[in-house]
Amino acid sequence: MNLNKILMGGVLAASLLATGCSLDVKPDYALDVEDANKYPQDQINGAMNTMYGVAYYGRNAYIFGDIGTDNIVEGISNSNRYIFESRMEKFEAMPNTVGSNETNLYDQIYRVINNANRVIANPEADDNFKGQAYFLRALASFDAVRFFDAVPVVLKPVESIEEAVNFQPANDDMAVVYNQVIADLEKAATMITNDQVNAPTPNAAHALLSRVYLYIADEVSDFSKIDQVADRADALTKVVAAADAVTGVKMIGVEGFEEYFWDQGNNMTETIFELAVVESQSRGSDNFGYIYYKDEGGSGYGAYTANPEFMELFDAEDVRLKHFVEVDAKKPGYQYIYKFAQTSGVTGLHAPKILRYTEVLLNKAEALASVDPGQAASIIQEIRDARYMGDAPEVNVADIENEVFTERRKELAYEGHYMFDLRRHNMGVTLVRLVDGSKDKEVEELSSVAAGDKQFWFPIPQRSMLANTALEQPKY
C-alpha cells in the first residue's frame with residue numbers, strides 16, 4: 001500500500017520504523033505530499049503535536065523518570081497503573097507484553113524523528129524551520145538513547161508503508177547517537193531565528209546541549225568515540241559553556257512559582273522550551289497531572305504520591321512545599337502532588353516545560369562541583385534563595401556534590417529527571433511503600449535495586465524487535 005496522503009501538520013499516521021501497522025488515511029483532513037511540503041510551519045507544529053502525545057511528553061516521558069524511585073510511593077487508588085515500572089520489574093514483565101507503555105514511547109519518539117526528517121528534507125523549509133527540525137530530532141534522539149541505550153540513528157524520512165516495513169535500521173552505539181545529537185543541536189543553534197518558547201530557539205539548543213554533555217560525562221565509557229569530547233573533564237567543561245550560552249532568561253522566584261507549572265508562555269522567565277496546549281487538547285483522565293493529583297471531590301487518580309521521607313528534605317520556608325497537598329487529614333501518609341494539577345482550569349492538563357532555566361543552572365553547578373566548588377555553591381545558593389520565602393540556609397561548600405544532587409532532586413521532582421540522575425551517579429535505590437497511609441507516614445522497604453542494574457534502563461519493545469529483525473536488545 002502506497003502512502004499518498006499525509007495529515008495536515010506533517011503527522012505521519014502510522015507507527016513507521018517501529019511497526020508495520022496499516023495507515024488510516026483521512027481525505028477530509030489530508031493533503032498530497034507535494035502540497036504538504038509547502039507548509040513547513042505546519043510540519044513543525046505537527047512534529048511538536050506528536051511530541052505531546054500521551055506516550056511521550058504528554059505523560060510517559062515524565063512519569064518514567066520518577067516512578068521506580070524513592071521520590072514516590074504507590075497511592076491509595078493505584079489500580080496497577082505503571083506498576084512494573086514503579087516496582088522496577090519492567091525487564092521481567094515487558095518482553096512478552098504488547099501495547100506496553102514502553103512500546104508506545106519508543107514508537108512515538110521515532111514518529112517525532114520521522115516528522116523532523118521530513119522538514120529537513122523539505123525544499124520549501126527555510127533555515128529557521130530546518131533548524132527547529134534539527135532541534136526536535138536531537139531531542140527525540142537523545143530521549144531514545146537515554147531511555148533505551150543503543151538505538152538506531154535515523155536521518156531520512158520514511159514516506160510509504162512499504163519503505164517502513166523494509167527499513168531495518170540496526171542499533172547504533174551510544175556514542176554514535178550522541179555525536180548526531182550534538183551535530184544537530186549545533187546546527188539548530190545557528191539556524192533558528194525563532195525567539196518564542198513554544199517552539200525551538202537557539203537558547204533551547206544550548207540548554208539541551210548542557211544536559212546532553214552531562215549525560216555524556218557520566219555514561220560514555222569510551223570518549224575516543226565522541227567526536228567533540230576528549231574526556232570526562234572536557235565534557236563537563238562543555239556543560240558549562242553550553243549553559244553560559246543561554247542568554248536573556250531569568251529564573252523565576254518565590255512569587256508565582258506555585259502557579260508557574262499551571263501556566264504557559266512565560267517567555268524569557270524560567271521557561272526555555274515548552275509545548276503549548278489548549279483546552280481542547282485535554283484528554284480527561286489521561287492528562288499527565290491526573291496520575292498524581294487528587295482532590296476532595298474525587299478528581300484525579302492519586303496513583304502515586306510523594307514519599308514522606310522525600311518531603312522531609314524540604315524546609316518549612318521552601319515554596320516548593322506548596323506543590324504537595326494533604327487532601328484528607330485522616331490519611332496523612334498520602335501527600336498528593338499538585339505540581340501539574342491544572343492548566344487553564346482543566347484538571348491534570350499540563351503544558352510540558354521540557355527545558356527550564358533552573359535546570360540549566362543545576363547542570364552548570366554539577367559540572368563545576370569537582371573543579372570549582374565555590375562557584376558551584378554560589379549557583380546553588382542563588383537557586384535556594386529564589387525558592388525560600390524567608391532566609392535560605394547557607395550552602396555547605398565542603399559537601400557541594402551532595403548539595404547539588406539534593407537541590408536538583410527537589411527542584412526537578414516529578415519532571416522526569418531523577419531516575420536518570422540516580423543512574424548517572426551510579427546509585428542504587430530503595431523502593432518503599434506506606435505501612436498504612438490512613439494512619440501515619442511510616443514507610444517500609446518494598447525492594448532494593450542495586451547501582452548499575454539494568455532496571456534503570458528501558459527495554460526496546462518486543463513489537464519493535466519483531467518488526468525490525470536487525471534490532472538487538474542493548475540491556476536485556
Side-chain angles (χ1 to χ4, degrees), residues 59 62-83 85-88 254 257-262 285 287-342 347-350 384 387-390 392-393 405-419 421-422 429-449:
R59 190 167 70 182
Y62 280 134
I63 289 175
F64 284 171
D66 280 281
I67 63 172
T69 74
D70 53 350
N71 272 2
I72 61 97
V73 293
E74 292 177 21
I76 195 171
S77 54
N78 176 271
S79 299
N80 290 332
R81 296 178 181 89
Y82 298 97
I83 198 69
E85 296 89 353
S86 72
R87 295 182 179 179
M88 290 287 242
V254 169
F257 182 80
E258 181 182 8
E259 296 81 12
Y260 166 73
F261 293 93
W262 307 341
S285 59
N287 285 337
F288 165 48
Y290 233 78
I291 290 290
Y292 295 132
Y293 174 87
K294 194 173 184 66
D295 63 21
E296 293 179 350
S299 294
Y301 292 130
Y304 294 96
T305 60
N307 180 357
E309 292 181 346
F310 168 57
M311 292 189 60
E312 291 176 4
L313 296 176
F314 296 91
D315 295 330
E317 292 294 301
D318 194 325
V319 70
R320 291 170 292 201
L321 269 179
K322 292 187 176 183
H323 287 146
F324 303 97
V325 175
E326 182 183 288
V327 173
D328 187 344
K330 296 180 180 179
K331 300 175 181 178
Y334 297 106
Q335 303 292 311
Y336 295 102
I337 302 160
Y338 274 37
K339 195 171 188 176
F340 318 103
Q342 57 93 12
T347 301
L349 184 64
H350 178 60
R384 194 171 289 177
R387 297 291 175 262
Y388 273 70
M389 295 174 285
F405 183 87
T406 302
E407 202 66 37
R408 184 180 181 90
R409 182 182 177 187
K410 292 190 293 184
E411 177 68 22
L412 303 180
Y414 313 110
E415 295 178 52
H417 295 274
Y418 182 50
M419 191 198 71
D421 289 344
L422 289 170
V429 65
T430 298
L431 306 179
V432 298
R433 61 185 172 192
L434 291 164
V435 174
D436 186 347
S438 296
K439 295 180 179 179
D440 55 41
K441 299 179 181 181
E442 183 183 354
V443 297
E444 63 182 1
E445 182 175 333
L446 179 64
S447 63
S448 183
V449 182

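Quick note: numbers below take in every heavy atom, side chains included, and nothing from hydrogens, waters or symmetry partners.
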Under 3.5 Å side-chain donor-acceptor pair for [X] and [Y]:
X: Y418; Y: D70; answer: yes
X: Y293; Y: S299; answer: no
X: R81; Y: Y290; answer: no
X: D315; Y: Y388; answer: yes

If you measure from [atom1] on [X] to [atom2] on [Y], what distance do you get to the nearest 0.5 Å?
X: E258; Y: H323; atom1: CD; atom2: NE2; result: 6.0 Å
X: E309; Y: E442; atom1: CD; atom2: CD; result: 9.5 Å
X: E259; Y: Q342; atom1: CD; atom2: CD; result: 9.0 Å
X: N307; Y: D66; atom1: CG; atom2: CG; result: 12.0 Å
X: L446; Y: T430; atom1: CG; atom2: OG1; result: 10.5 Å
X: I72; Y: Q335; atom1: CD1; atom2: CD; result: 14.0 Å

Looking only at non-hydrogen atoms, find the nearest pair between [X] and [Y] and report the distance.
X: R59; Y: N287; answer: CD-O, 4.5 Å
X: S438; Y: Y334; answer: N-CE1, 3.9 Å
X: V429; Y: M88; answer: CG1-CE, 4.3 Å
X: R87; Y: E74; answer: NE-OE2, 2.8 Å
X: F310; Y: A413; answer: CZ-CB, 3.8 Å
X: E326; Y: K331; answer: CG-O, 4.4 Å

Quick one: is the NZ or CZ of K410 closer than 6.0 Å to the six-membered ring centre of F314, and within 45° of its axis? yes
Is there side-chain contact between [X] and [Y], with heavy atoms separated by less than 4.5 Å?
X: I291; Y: F340; answer: no
X: I63; Y: E85; answer: no
X: K294; Y: T305; answer: no
X: Y338; Y: F261; answer: no
X: L434; Y: V443; answer: yes
X: H350; Y: K339; answer: no

Can a salt bridge be assigned to the pair K330 and D328 using a cut-off of 4.0 Å between side-chain N and carboxylate O? no
For E445, is the CD atom crowded, meaning more than 12 foreign heavy atoms sit under 6.0 Å from it?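 Buried by this count: over 12 neighbours within 6.0 Å.
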Is a donor on one side and an acceptor on the other found under 3.5 Å between the side chain of D318 and the backbone of R320? yes
Any donor-acceptor pair under 3.5 Å from N71 side chain to Y414 backbone: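 Not at all, since once roles are kept as given, no pair shorter than 3.5 Å links the two residues.
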Might you work through the side-chain contact (heavy atoms from CB on, under 4.5 Å) test for Y62 and I67, ending with a clear yes or no? CA-CA 9 Å; Y62 280 134; I67 63 172; over 6 Å; no
